[in-house]
Protein chains: 2
Amino acid sequence: MRTEAREAAKRKFIDFLEKKKLRNTDQRRVIIDTVFDTDEHFTAEQLLDWAREKDRSVSRATVYRTLLLLTESDLLHEMDFGKPYKFYDPNYSDHPNHHHLICEDCEKIVEFDSEQIKTIEEEIGQKLGFTVKSQKLQLSATCDSLKRSGTCDGISCH
Amino acid sequence: MRTEAREAAKRKFIDFLEKKKLRNTDQRRVIIDTVFDTDEHFTAEQLLDWAREKDRSVSRATVYRTLLLLTESDLLHEMDFGKPYKFYDPNYSDHPNHHHLICEDCEKIVEFDSEQIKTIEEEIGQKLGFTVKSQKLQLSATCDSLKRSGTCDGISCH
DNA sequence: ATAAGTGCAAATCATTTGCAATGTC
DNA sequence: GACATTGCAAATGATTTGCACTTAT
């Protein structure tokens, strides 16, 4: 994630805590530093591992409790990729309307934006009598370069 | 669901079983009858209840095992609506490309199709070097009639 | 001082699985 | 008869929670 975006997200979280009269603890700081130092999707367990590398005192319970605060404050989005555990996406604060393409061949996840889709979504919502507030779009796809050349090189698949 | 679509889905499932040399048991028949007699989204637990009304011998284990077969054969789609349990959507065999709009006010789920979105998805996939195989789009929205008149009447919210 | 936050271990709860009995082909 | 399928009850595994101690404000 870009440095400014990352720092902005951390600041927003501190603001969120203050506004709710919640406390700015060592563990919460370590966890948000970890969350916004990556632009990968991650699981609760991965976050626990990473955070513990920085501070052994971070516990699984606090990771889950902080993940809840981060999703409530809309700085982190919960994602379901069909696995029995959740993934978390730290890129929404920088790209609030991005979508996901998941490659069935290499499991790689590509993020993309589309103004066009956003516009159509709003039109459709209006036609149905609703105001669209947010969206989740996941495309499942196969890798063209794999099919053509037998390997996952080029822009696709990595 | 329309009668023909419903019957077609059941037939496809029987074919699927035969092709895989799996057996056409009483319990599986009761479960698919139940699944394709509704066009609502449902949970495993609801399906168990409904199936048991028809045949007390149906067990939770068989419901889960049959749900797996139904999703594998692509006749039923698993959906994540942010709850700790999964929902199942029986309408994909009739409308393979439909999307969902979830109303934040009344929790109603509206299904809709859009050729336009499908086209854009394919274009974007191509540009990224992939062939799009399937998609999941969920819009989260608020109800206009509720905002205007204070009640959820009209086409929205029911 | 006070109330929020923490780690730990136990609890929860949807889903999965081992197994002996049963049913389908 | 062979082997898939079933129900049951126990296991699993991600996430949540109660509690006594600790820490931020």
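So you know, we letter chains A, B, ... as the sequences are listed, proteins then strands, and number each from 1.
- Rounded to whole angstrom, the span from the NZ atom of B/K20 across to the C1' atom of D/dC3 amounts to 17 Å.
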Are there any protein N/O atoms within less than 3.5 Å of an N/O atom in nucleotides 23-25 of chain C, and if so, which ones and at what distance?
{"from": "C/dG23", "atom 1": "N2", "to": "B/R23", "atom 2": "NH1", "distance (Å)": "2.3"}
{"from": "C/dT24", "atom 1": "O2", "to": "B/R23", "atom 2": "NH1", "distance (Å)": "2.9"}
{"from": "C/dT24", "atom 1": "O2", "to": "B/R23", "atom 2": "NH2", "distance (Å)": "3.4"}

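- Whole-Å rounding puts the A/L17 CG to C/dG5 P distance at 8 Å.
- Enclosure of atom CD in A/E4 by more than 12 non-hydrogen atoms of other residues, nucleotides or ligands within 6.0 angstrom is indicated.
- Looking at residues 75-89 of chain B, you'll see B/P84, B/Y85, B/K86 sit with a heavy atom under 4.0 Å from some atom of DNA chain C.
- Using a 4.0 Å cut-off between charged nitrogen and carboxylate oxygen, A/D37 and A/K10 count as a salt-bridge pair.
- The pair B/R29-B/D26 meets the salt-bridge criterion, with a side-chain N (NZ, NE, NH1 or NH2) lying under 4.0 Å from an Asp/Glu carboxylate O.
- Ring pair A/H41/A/F81 is perpendicular by interplanar angle, where above 60° counts as perpendicular and below 30° as parallel.
- For the atom pair OG1 of B/T25 and CD1 of B/I31, the computed distance is 7.5 Å after rounding to the nearest 0.5 Å.
- One atom, CZ of A/R28, and another, C1' of C/dA4, lie 8 Å apart when rounded to the nearest Å.
- Contacts between residues 60-70 of chain A and DNA chain C, defined by a heavy-atom separation below 4.0 Å, involve A/A61, A/T62, A/R65, listed by number.
- Judged by distance alone, the side chain of B/R28 and the main-chain N or O of B/R23 form a donor-acceptor pair under 3.5 Å.
- As rounded to whole Å, 11 Å separates atom P of C/dT6 from atom CG of A/D55.
- Of the inter-residue distances, the one linking A/K136 atom NZ with A/D80 atom CG reads 7.5 Å to the nearest 0.5 angstrom.
- Evaluated for a side chain to side chain contact (heavy atoms under 4.5 Å, CB included) with B/Q135, the options B/K118, B/H98, B/E121 yield exactly one hit, B/E121.
- Taking the six-membered ring for Trp and thresholds of 30 and 60 degrees, A/F13 and A/F16 have nearly parallel ring planes, at less than 30 degrees apart.
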**Request:** Starting from the C-alpha separation in whole Å, work towards a yes-or-no answer on side chain to side chain donor-acceptor pair (under 3.5 Å) for A/E104 and A/S140.
**Result:** CA-CA 7 Å; A/E104 293 173 8; A/S140 190; 2.8 Å; yes

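- At a threshold of 4.5 Å between non-hydrogen side-chain atoms, the residues A/F130 and B/V110 count as touching.
- Rounded to whole Å, atom P of D/dA14 lies 12 Å from atom CG of A/D49.
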